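Heads up: the structure comes next, in structure tokens.
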Amino acid sequence: MKIKQENNNIILEEVDSFDIEQILECGQCFHFDKLEEKEYVLVAKDHLLHIKQVGEKITFYDTDEHTFETVWRSYFDLDRDYSQIKNWLIENEKRVLNQNGALEQVIIEKSGIRILNQDFFETLISFIISQNKQIPHIKQIVNTLSIKYGEPAGEINAKEYYCFPTIEKLSKVSDSEMRLCKTGFRAPYILNACEKILDGTIKEESLLNCSFRQAREELMQIKGVGSKVASCVALFSLSKRDAFPIDVWIKRIMERIYFEKETPKSEIEQFADRIYGEYGGYAQQYLFYYARDLGLK
DNA sequence: GACCAGGGATCGT
DNA sequence: ACGATCCATGGT
């Protein structure tokens, strides 16, 4: 990877496995705007980023080296060797199945995906909101909460963007106010999550220092957080790359490519552990995006 | 353990 | 237009 500073911009070249469209649109994050083809504005970690990709060249507009190094390098998972992960997954699938599997083609098609290292609180609330909702609606709610309760993050093309609210701010919102943001029955879940963090039941620090399974157990103490939401939070904000969140899409694609019949989630989870192991999270993201694009039924 | 509410935008017909 | 669906979960 080559890093250049040009005017006020940071330019990346020769980045392996990086497609800004696939990274943002694959369903792992919700706080961004598409401006043009492969040109986006996103708000993350209390920073605003205007980013554009043309071929192999990626421009981080109005970004200094210090911000790039301290915020975006880790956010975009730039120190991870994705080629090694892809190769391992394809080889291990072959070993377990004793023949070539379907994952290789999925990975080739979605090879520009990276798993973002997102903020814990924002990820937790976003995935509580996500249940039974489609991505455009999740984005709308995250946006509404940020505008109403977050700090200004900056302006691009005459549009003001807002940071995701702090836990203190969000915890003081009333149930009825929260429902005005279209959160519906999830409103008490969001408030319960704030409560459990503020009273110390849930500690990000200890979640970072334990196994995926332990972290999932602890997160599930929050009302409205089940196995799927907890797995997403662990994968996207706690570096648990062995997490394998199973939703309807993953269930459908796994049933199609490995089982060829209806299969309980518990069995799918066990199988994923065996075939994808410590890289389950990456496999899940390739498969999820692929299945959604396919519009699998 | 199977079923159903809950809330509303979006998608498919 | 309008009904079905939706990156689940908790309660019954």
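Order of the sequence lines fixes the chain letters, A, B, ..., with proteins taken first and strands second; residue numbering starts at 1 for each chain. Note that the coordinates shown come from a computational prediction; the quantities given were computed from them, not determined experimentally.
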Checklist line | Rounded distance (Å) that lies between atom P of C/dG10 and atom CG of A/L219 | finding: 12 Å
Check: Under the side-chain hydrogen bond (donor to acceptor under 3.5 Å, both in side chains) test, which residues partner A/T67, sequence neighbours left out?
Finding: A/D64
Notebook entry, point to check: Looking for any heavy atom pair under 4.0 Å, which part of the strands does A/Q285 touch: base, sugar-phosphate only, or nothing?
Noted result: nothing
Check: Which whole number of Å gives the distance between the P atom of C/dT12 and that of B/dG7?
Finding: 16 Å
Note to self: For a stem of at least 3 consecutive Watson-Crick or G-U pairs with distances under 3.5 Å, i pairing with j, i+1 with j-1 and so on, which stems involve DNA chain C?
What the structure shows: B:2-5 with C:9-12, B:8-13 with C:1-6
Pairs of donor and acceptor atoms involving the side chains of residues 118-131 of chain A, under 3.5 Å and at least two apart or interchain, shall be tabulated with distances.
residue	atom	partner	partner atom	Å
A/Q118	NE2	A/Q28	O	2.8
A/D119	OD2	A/F121	N	3.2
A/D119	OD2	A/E122	N	2.9
A/T123	OG1	A/D119	O	2.5
A/S126	OG	A/E122	O	2.7
A/S130	OG	A/F127	O	2.8

Notebook entry, point to check: Taking NZ, NE, NH1 and NH2 as the nitrogens, is one of them in A/R213 or A/E217 under 4.0 Å from a carboxylate oxygen of the other?
Noted result: no
Checklist line | Within residues 224-234 of chain A: residues closer than 4.0 Å to DNA chain C (heavy atoms) | finding: A/G224, A/V225, A/G226, A/S227, A/K228, A/V229
Note to self: If I take atom NZ in residue A/K223 and atom C1' in nucleotide C/dT9, what distance separates them, rounded to the nearest angstrom?
What the structure shows: 11 Å
Notebook entry, point to check: Do A/Y82 and A/L78 belong together in a cluster built from hydrophobic side chains that touch within less than 4.5 Å?
Noted result: no
Next item on the list: Apply side-chain hydrogen bond (donor to acceptor under 3.5 Å, both in side chains) to A/S174 and list each qualifying residue two or more places apart in sequence or on a separate chain.
Entry: A/S176
Margin query: According to salt bridge (charged side-chain N to carboxylate O under 4.0 Å, His left out), does anything in residues 173-191 of chain A pair up with another residue at least two apart or in another chain? List the pairs.
Written below: A/D175-A/R179
Check: If you look at every strand shown and take non-hydrogen atoms under 4.0 Å, does A/C26 touch a base, only sugar-phosphate, or nothing?
Finding: base
Checklist line | Rounded distance in Å - CE (A/M220) to P (C/dT9) | finding: 7 Å
Notebook entry, point to check: Taking for each residue the nucleotide of DNA chain C with the nearest heavy atom, is it A/Y189 or A/F236 whose nucleotide lies nearer the 5' end?
Noted result: A/F236
Review item, nucleotides 7-9 of chain B N/O atoms under 3.5 Å of protein N/O:
residue	atom	partner	partner atom	Å
B/dG7	OP1	A/R179	NH1	3.2
B/dG7	N2	A/N132	O	3.0
B/dG7	N2	A/K133	NZ	3.1
B/dG7	N2	A/R186	NH2	2.7

Item checked: Any side-chain donor near an acceptor of the partner, A/D33 and A/Y161, under 3.5 Å -> yes
Next item on the list: Can you tell me the distance, in whole Å, between the NZ atom of A/K251 and the C1' atom of C/dT5?
Entry: 16 Å
Note to self: Can you measure A/I129 atom CD1 to B/dT10 atom P for me and round it to whole angstrom units?
What the structure shows: 15 Å
Notebook entry, point to check: Does a salt bridge link A/E14 with A/K2, judged by any charged N lying under 4.0 Å from a carboxylate O?
Noted result: yes
Next item on the list: Determine whether A/H50 and A/E39 make a side-chain contact, defined as any pair of heavy atoms from C-beta on separated by less than 4.5 Å.
Entry: yes
Check: What is the nucleic acid contact for A/I135, judged by heavy atoms within less than 4.0 Å: base, sugar-phosphate only, or nothing?
Finding: base
For a quick test of your reading: what N or O donor-acceptor pairs under 3.5 Å do the side chains of residues 232-243 of chain A make, sequence neighbours left out?
residue	atom	partner	partner atom	Å
A/S237	OG	A/V233	O	2.8
A/K240	NZ	A/L207	O	2.9
A/K240	NZ	A/L208	O	3.1
A/K240	NZ	A/C210	O	2.6
A/R241	NE	A/Y282	OH	3.1
A/R241	NH1	A/N117	OD1	3.3
A/R241	NH1	A/L235	O	3.3
A/R241	NH2	A/D77	OD1	3.4
A/R241	NH2	A/D77	OD2	3.1
A/R241	NH2	A/I115	O	3.1
A/R241	NH2	A/N117	OD1	3.3

Check: With sequence neighbours left out, what residues match A/K38 under side-chain contact (heavy atoms from CB on, under 4.5 Å)?
Finding: A/D19, A/I20, A/E21, A/Q53
Check: B/dC11 P sits how many Å from A/D293 CG, rounded?
Finding: 14 Å
Could you list all N or O pairs between the protein and nucleotides 1-3 of chain B that sit under 3.5 Å apart?
none

Next item on the list: Check side-chain contact (heavy atoms from CB on, under 4.5 Å) between A/I147 and all other residues, then give those that pass, not counting sequence neighbours.
Entry: A/N143, A/Y162
Checklist line | Separation of atom CZ in A/R292 from atom C1' in B/dT10, rounded to whole Å | finding: 11 Å
Margin query: If the condition is side-chain contact (heavy atoms from CB on, under 4.5 Å), which residues does A/K261 pass it with, not counting sequence neighbours?
Written below: A/T263
Margin query: Output the rounded distance in Å from CD1 (A/I141) to C1' (B/dT10).
Written below: 12 Å
Note to self: Is it true that A/Y286 and A/Q22 share a donor-acceptor pair across their side chains at a distance under 3.5 Å?
What the structure shows: no
